[in-house]
Amino acid sequence: MILVHAICICLLFNYAVSGIPKPDEKRVLDHDTLSHVQHYQNDEHNKQYDHEAFLGEDAKTFDQLEADESRRRLGLIVDKIDGDKDGFVNLSELKSWIQYTQRRYIDDDVNRQWKTHNPNNTDKIHWDIYRKNVYGFLDDFASQESENMGEEHFSYRAMLKRDRRRWSNADRDGDDQLSREEFTDFLHPEESSHMRDVVVTETIEDIDKDKDGKVSVEEYIGDMYRQSEDNEEEPDWVKHERETFSNFRDKDKNGFMDEQEVKDWITPADFDHAEAEARHLIYEADSDADEKLTKDEIIEKYDLFVGSQATDFGEALTRHDEF
């Protein structure tokens, strides 16, 4: 879930206005495909990272389950993760499960969007159709003077411009229509290797507040932390991020991250988010340090697992037909 940025982890939600779907006001690509929040906060692991990674739209429904019922369903999920039925969940099995839940979320999202924008289930969706469905309401304002248009509509026009660029990048054969595979790249560019440059460009646009085409340390910090008005001292984790920027992000030491440095940051080579999260979960729950988990160890760490993508609790724990 790079997202994010996500990844965005990057999701498209539609809002009805006069019966016309409108895009979410803030479609932000995530720097990590598994969650929209920082993995570490206040120098400690942020459990919310586990809770929000690969949640899906039904995440909040988990809170409606009684604790005992949630534990019971968690145990049934452990049985599914244990592919070789040896009574243990190893790194490979947990990583595979995390990848499966991520893929299921993406497939469900694409299926929903495909049906919305292509009710006749043709082989491709043309840009004009997508634009009319999502941004058609902007045509009502086309004849108005710019000073009579609110900031909201300027924001939507900026999103339209961004979507147009992303659509063109996803359109591999250049016919201005997207196949299902291309449409998946459009909706989830963080999951496609040939869309990485789009992810980088959109990330810079979101963080680069002064629009100089690069990311300063203050813009980098501002993407993660907002200082309160009483000028409180920055927490240690923010100071650590400043050091990380200077020592690792800003490789040429000019005080900014350029496009390549941002790319190295959000799409690091040879880094597997699913494996990293699987290792983290095992480290947290492995009470006997044998590098694999029993069902009892997982249930013991209930608070960790019920919110992690290992359970996909917005989906797996609430699908009554699976239990």
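It should be emphasised that the depicted structure is a prediction, and the values quoted were computed from it without experimental measurement.
Residues meeting the ring pair (Phe, Tyr, Trp, His ring centres under 6.0 Å) test with Trp167, sequence neighbours left out: Trp127, Tyr130, Phe186. For the side chain to side chain contact (heavy atoms under 4.5 Å, CB included) test, residues two or more places apart in sequence or in another chain that qualify with Thr244 are Tyr220, His240, Glu241, Phe248, Arg249. For Asn121, the side chain to side chain contact (heavy atoms under 4.5 Å, CB included) partners at least two apart in sequence or on another chain are Trp114, Asn118. In terms of the ring pair (Phe, Tyr, Trp, His ring centres under 6.0 Å) criterion, Phe256 has no residue partners (sequence neighbours excluded). Scanning for salt bridge (Lys or Arg N to Asp or Glu O under 4.0 Å) contacts around Asp79 gives Lys295, with sequence neighbours left out. Among residues two or more places apart in sequence or in another chain, the salt bridge (Lys or Arg N to Asp or Glu O under 4.0 Å) test is passed with Glu218 by Arg242. In this structure, the side chain to side chain contact (heavy atoms under 4.5 Å, CB included) partners of Arg172, at least two apart in sequence or on a different chain, are Glu181, Glu182, Asp185, Ser192, His194. Asp173 is linked by a salt bridge (Lys or Arg N to Asp or Glu O under 4.0 Å) to Lys124, counting only residues two or more places apart in sequence or in another chain. Listed by chain and number, the residues in a salt bridge (Lys or Arg N to Asp or Glu O under 4.0 Å) with Glu205 are Arg162, Arg165 (sequence neighbours excluded). Taking Phe88 as the reference, nothing meets the ring pair (Phe, Tyr, Trp, His ring centres under 6.0 Å) condition, with sequence neighbours excluded.
Identified under the salt bridge (charged side-chain N to carboxylate O under 4.0 Å, His left out) test for residues 92-102, with sequence neighbours left out: Lys95-Asp272, Lys95-Glu275. Screening residues 253-263 for salt bridge (charged side-chain N to carboxylate O under 4.0 Å, His left out) gives Asp197-Lys263 as the qualifying pairs, with residues at least two apart or on separate chains.
The two residues Asn133 and Thr116 come nearest to each other via the heavy atoms ND2-O, 4.2 Å.
Salt-bridge check for Arg131 with Asp128: failed, with every basic side-chain N at 4.0 Å or more from each acidic carboxylate O.
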